[in-house]
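So you know, we letter chains A, B, ... as the sequences are listed, proteins then strands, and number each from 1. None of these values were measured; they are calculated from a predicted model.
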2 protein chains.
Amino acid sequence: MSLIPIRPGAQSGGGRPAAPAAEAGRRDAARNRELLLCAAREIVEESSVDALTMDRLAQRAGVGKGTVFRRFGSRAGLMMALLSDAEAEFQGRFIFGPPPVGPGAPPLERLIAVGAARIAWTLEFGELARAADASAYNRFDVPPAVLWHRHLEMLLREAGVTADPWLMASALGAALEPERLLHSVSVHGIAPERLAETWRELVTRVVAGQ
Amino acid sequence: MSLIPIRPGAQSGGGRPAAPAAEAGRRDAARNRELLLCAAREIVEESSVDALTMDRLAQRAGVGKGTVFRRFGSRAGLMMALLSDAEAEFQGRFIFGPPPVGPGAPPLERLIAVGAARIAWTLEFGELARAADASAYNRFDVPPAVLWHRHLEMLLREAGVTADPWLMASALGAALEPERLLHSVSVHGIAPERLAETWRELVTRVVAGQ
DNA sequence: AATATAACCGGACCGCAGTCCGTTTAGCAT
DNA sequence: ATGCTAAACGGACTGCGGTCCGGTTATATT
């Protein structure tokens with residue numbers, strides 16, 4: 001069923017070999033991967049995310065179209081690859097970083113702070129994030145999304161939310177989805193601070209109601 | 001650029017015929033509209049929503065492909081047309097219907113009830129709802145979505161939520177989006193009652209925190 | 001160095017949503 | 001009836017994401 005080999009890893013058994021992140025595999029494959037990522041960034045910078053079509057990318061990078069899909073699986077996979085640095089940095093902040101986003105602050109404060117950070121992050125990498133989401137059924141099951149969801153769930157638990165924290169994290173996470181946030185800002189002209197403020201209200205009430 | 005192209009020679013008046021309700025216009029147009037809706041329902045019933053492609057539909061109904069797009073504007077528009085009866089019935093329930101979904105019950109009760117009703121509705125018409133959403137930028141600005149959002153906002157206001165009810169309605173509405181609900185149920189096997197229960201917790205806390 | 005082979009490569013190919021434009025026709029006015 | 005015109009029609013066409021498969025090449029083995 002053609003799952004997407006987004007990130008490195010997975011070497012064992014059954015399926016096709018996952019896309020090599022940096023090591024592993026033939027040198028030309030790695031070279032083409034870098035070539036493609038580079039060309040993709042150029043196109044996005046020169047025009048827009050929408051201008052980044054798979055054909056154009058292949059041509060720009062001087063490789064065949066098949067190669068693009070072999071490396072990234074799908075357009076969404078390519079977008080995730082383009083985002084992966086920013087995504088990793090963000091993950092680092094809420095896992096290892098300094099409080100209040102990182103560990104060390106009370107859970108409610110962390111919830112508020114990490115939401116605000118997420119909003120800012122989304123507005124910065126918005127177009128890419130939308131394009132990365134804009135596809136599949138498995139959009140919620142891709143590693144960064146799972147990690148993010150689990151983190152929210154953990155913070156809710158720590159804050160004393162005992163009733164179905166998994167679903168509650170899902171519900172709260174829904175409020176932070178890129179498409180919605182970007183729509184609020186770019187169509188309705190909502191100021192980013194209002195988004196953060198509403199998030200604060202929301203999580204405060206959810207936790208306080210405990 | 002590349003906004004929706006306006007017909008060259010003649011436009012004036014009514015705008016694009018994206019979704020003419022029932023009357024107005026030539027008889028053949030109305031006939032074809034019914035023909036198409038009928039054929040679309042057949043295809044969905046025989047196979048699935050995914051099997052409903054615009055080419056196949058045109059062929060099945062015995063009309064040209066251009067006609068399909070002229071009538072419904074896009075695939076998402078067609079899906080909305082297919083949903084419109086169910087949508088109208090649902091709207092009727094929360095606007096005119098009996099309490100607690102309709103008017104007459106206290107606002108929090110209405111919020112809880114209408115959310116549960118929405119969840120059930122979404123699970124029933126899930127595939128179509130997903131296909132109707134699955135596209136555009138304007139997905140949040142389509143009349144039923146606007147009405148729904150406004151209704152949530154109104155209930156929040158009545159329940160005493162004074163802080164940015166517009167955005168709060170948006171955040172709460174996000175938790176009820178078809179894609180997310182369907183994913184929870186069909187991938188993670190969440191029971192529908194758990195969804196309704198979490199919604200109840202969520203809105204109760206939001207309103208109580210007031 | 002020669003060989004074997006698995007991985008990689010390219011681009012033709014497919015089905016799809018959506019557009020364009022020359023042709024036909026419904027409905028009105030005469 | 002007849003003629004007129006705006007509206008509707010159909011299907012060829014475009015560009016897209018994604019797949020497939022015969023040819024090519026890096027690398028390990030001898």
> Would you say B:R33 places a side-chain N or O within less than 4.0 Å of OP1 or OP2 belonging to D:dA8?
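So the side-chain polar atoms of B:R33 never come under 4.0 Å of the phosphate oxygens OP1 or OP2 of D:dA8.
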> Quick one: salt bridge (Lys or Arg N to Asp or Glu O under 4.0 Å) partners of B:E89, sequence neighbours excluded?
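Scan of B:E89 (salt bridge (Lys or Arg N to Asp or Glu O under 4.0 Å), adjacent residues dropped) gives B:R93.
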> B:F69 has an atom CZ; how far is it from atom P of D:dA12, in whole Å?
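In whole Å, D:dA12 P lies 16 Å from B:F69 CZ.
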> Please round to the nearest 0.5 Å and tell me the distance separating atom OG1 of A:T122 and atom CG of A:L195.
10.0 Å
> Does the side chain of B:T67 get closer than 4.0 angstrom to OP1 or OP2 of D:dA8 through an N or O atom?
no
> Listed by chain and number, what are the side chain to side chain contact (heavy atoms under 4.5 Å, CB included) partners of B:E201, not counting sequence neighbours?
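Checked B:E201 against side chain to side chain contact (heavy atoms under 4.5 Å, CB included); matches are A:A163, A:M168, B:E197, B:R205.
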> Would you jot down, in residue-number order, the residues of residues 46-65 of chain A having a non-hydrogen atom under 4.0 Å from DNA chain C?
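Close to the strand are A:G62, A:V63, A:G64, A:K65.
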> Grab the CG-P distance between B:L35 and D:dC9 for me, whole Å please.
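Checked: the CG to P distance equals 10 Å.
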> Does A:R110 make a cation-pi contact with A:F94 (under 6.0 Å, within 45 degrees of the axis)?
no
> Is there a side-chain polar atom (N or O) of B:N32 under 4.0 Å from OP1 or OP2 of D:dA8?
no
> With the side chain of B:R75 defined as its heavy atoms from C-beta on, choose the nearest nucleotide among C:dA17, C:dC9, D:dT19.
C:dA17
> With a 4.0 Å cut-off, would you call A:R56 and A:E46 a salt bridge?
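Answer for the salt bridge query: no.
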> Do we see a donor-acceptor contact under 3.5 Å between the side chains of B:D141 and A:H183?
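Side-chain D/A pair, B:D141 to A:H183: present.
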> Measure all distances between protein nitrogen or oxygen atoms and nitrogen or oxygen atoms of nucleotides 24-27 of chain D, and list the pairs falling under 3.5 Å.
{"residue": "D:dT25", "atom": "O2", "partner": "A:R26", "partner atom": "NH1", "Å": "3.2"}
{"residue": "D:dT27", "atom": "OP1", "partner": "A:R27", "partner atom": "N", "Å": "3.1"}

> I want to verify a distance call: between C:dC9, D:dG17, D:dC9, whose nearest atom is closest to the B:A29 side chain?
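That would be D:dC9.
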> Between B:R70 (CZ) and C:dC21 (P), how many Å, whole number?
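B:R70 atom CZ is separated from C:dC21 atom P by 14 Å.
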> Can you tell me how far C1' of C:dT25 sits from CZ of B:R31, to the nearest Å?
11 Å
> In a table with atom names and distances, give each donor-acceptor pair under 3.5 Å that connects a side chain of residues 144-154 of chain B to protein atoms at least two apart or in another chain.
{"residue": "B:H149", "atom": "NE2", "partner": "B:W166", "partner atom": "O", "Å": "3.0"}
{"residue": "B:H149", "atom": "NE2", "partner": "B:S170", "partner atom": "N", "Å": "3.4"}
{"residue": "B:E153", "atom": "OE2", "partner": "B:R157", "partner atom": "NH1", "Å": "2.5"}

> Are B:L155 and B:V161 close enough, and set up right, to give a side-chain contact (heavy atoms from CB on, under 4.5 Å), and what steps lead you there?
CA-CA 9 Å; B:L155 291 177; B:V161 173; over 6 Å; no
> Calculate the interatomic distance between A:I43 atom CD1 and D:dC16 atom C1'; express it in whole Å.
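For the pair A:I43 CD1 and D:dC16 C1', the rounded distance is 14 Å.
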> Who pairs with A:D55 by salt bridge (Lys or Arg N to Asp or Glu O under 4.0 Å), at least two apart in sequence or on another chain?
A:K65
> Just how far, in rounded Å, is C1' of C:dA17 from CZ of B:R71?
18 Å
> I need the CZ-P distance between B:F72 and D:dA8, as an integer number of Å.
13 Å
